[in-house]
Amino acid sequence: MSSDARGTAYGSPYLAGVGIGVVLLVAYGVMGHGVGVSGALTSVVGTAATRLSNAPVLPEWEGYAASGLLGLLGDWFVVEVIGIALGGLLSASLAGRLRRDTERGDQVSVNRRLAFAASGGAIMGIGARLARGCTSGQALTGGSLLSVGSWIFIAAAFAAAYLVAPLVRREWR
Amino acid sequence: MAMIAPVYETGALGGGRALVVALVVGVAFGFFLERSGLGSARKLSAQFRLTDFTVLKVMFTAIVTASLGVFWLSRVGALDLSRVYVPETYLLPQLAGGAIFGAGLVLAGLCPGTACVSAATGRLDGVAVIGGLLVGILAYGAMDPLVDRFATSTSRGTFTLPQLIGVSHGVTVLIVVILALMTFRSAEWLEARRAARA
């Protein structure tokens with residue numbers, strides 16, 4: 001069985017948008033920078049890869065590899081990402097939307113959905129590194145700070161998404 | 001009036017307190033993402049099947065709110081915009097990276113931030129997206145140096161829309177607001193038309 005809306009109905013997208021806008025303003029006003037997720041994941045990968053391989057860090061990991069796995073907890077963006085998970089957990093539990101499942105289309109097996117999720121994630125990881133950020137660091141942060149590159153990122157991401165979407169339409173039927 | 005923000009940049013905030021801010025900012029961000037339903041891959045990806053416009057509404061409202069806030073706070077002298085980090089522009093890498101990202105987004109149904117929310121609320125597909133992201137990021141790091149050369153090409157430094165189109169900061173924000181309102185109107189119209197058909 002597939003899952004769709006769980007628990008109570010979702011809140012207004014406009015109110016949530018205003019909330020996220022205020023979050024961005026707080027980050028600018030207090031920290032002088034916005035939010036980000038792919039950078040934090042890069043810190044995790046960079047630190048783990050550097051630790052495990054025992055080799056000199058790849059140029060890609062310079063500036064990302066923290067002093068150690070514990071040092072990651074001193075990384076602003078890693079702590080912020082932990083917060084994102086906790087905030088999602090808090091909202092979902094208040095709304096009765098916590099449940100262990102795999103969200104997928106009615107005709108789609110769990111394994112197929114997980115394969116799409118993982119491969120899509122891997123492709124996004126490459127794209128986010130190339131673009132220097134994802135939806136948080138480029139679209140929301142760079143977009144609201146009117147960065148030209150961030151608006152290029154938004155336009156390219158939406159264009160590609162609309163081109164690919166018809167090919168995978170049946171995944172959610 | 002003296003500029004009071006960014007607070008951290010003025011040295012009035014220590015590293016430990018900055019991490020508390022990180023946690024608070026993250027919790028609020030994740031909370032609002034889940035509230036709007038973007039922790040659901042089905043709902044998020046419906047944006048690209050044109051059946052649900054939550055992604056566009058949340059994203060554009062957040063951008064409008066923050067860009068209006070940045071404009072007015074710096075206008076009244078409460079925020080020193082020159083000390084806020086603006087992501088730098090790399091034209092071709094961000095065009096290509098954005099396109100690759102968008103293709104992956106449709107397959108995954110979740111972006112990196114919403115995947116964290118999805119995973120935290122019990123969804124295994126969210127966990128799989130995060131696993132995929134880590135693999136993709138690792139693969140990128142191991143790629144040919146040619147990729148890195150491309151990634152640093154067409155660099156324009158800090159390059160903003162007001163500089164690009166040659167109008168003031170305020171006019172640019174106004175254009176963004178008008179575009180957002182037009183987008184919201186179209187989205188509501190499309191959703192209403194769809195609901196009437198069903």
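Small disclaimer: the values here were computed from a predicted structure and weren't measured.
Between Ala92(A) and Thr121(B), the closest heavy-atom pair is CB-CG2, 3.3 Å.
The backbone N or O of Ala151(B) sits less than 3.5 Å from a side-chain atom of Arg132(A), completing a donor-acceptor pair. In this structure, the side chain of Thr61(B) does not engage the main chain of Gly17(A) through any donor-acceptor pair within 3.5 Å.
Under the rule for a ring pair (Phe, Tyr, Trp, His ring centres under 6.0 Å), the partners of Tyr14(A) that lie at least two apart in sequence or sit in another chain are Phe184(B).
Contact annotation for Val168(A): only side-chain heavy atoms (C-beta onward) come within less than 4.5 Å of a heavy atom of chain B. Interface remark: Ala159(A) contributes no atoms to any contact with chain B (heavy atom separation under 4.5 Å). With a threshold of 4.5 angstrom between heavy atoms, Ile154(A) approaches chain B through side-chain atoms but not through N, CA, C or O. Interface residue Trp151(A): only side-chain heavy atoms are found under 4.5 Å from chain B. Proximity to chain B involves both the backbone and the side chain of Val18(A), based on heavy atoms less than 4.5 angstrom apart.
Taking the ring axis of Tyr10(A) as reference, the NZ or CZ atom of Arg35(B) does not stay both within 45° of it and closer than 6.0 Å to the ring centre.
Leu24(A) CG to Thr65(B) OG1: the interatomic distance, rounded to the nearest 0.5 Å, is 9.0 Å. Of the inter-residue distances, the one linking Ser38(A) atom OG with Phe101(B) atom CZ reads 7.0 Å to the nearest 0.5 angstrom.
For the residue pair Glu103(A) / Ser40(B), a side-chain donor-acceptor distance below 3.5 Å is found, with atom types taken as modelled.
Residues of residues 119-126 of chain A lying within less than 4.5 angstrom of chain B, judged on heavy atoms, are Gly120(A), Gly121(A), Ala122(A), Ile123(A), Met124(A), Gly125(A), Ile126(A) in numerical order.
Remark: aromatic rings of Phe48(B) and Phe158(A) are close, center separation under 6.0 Å.
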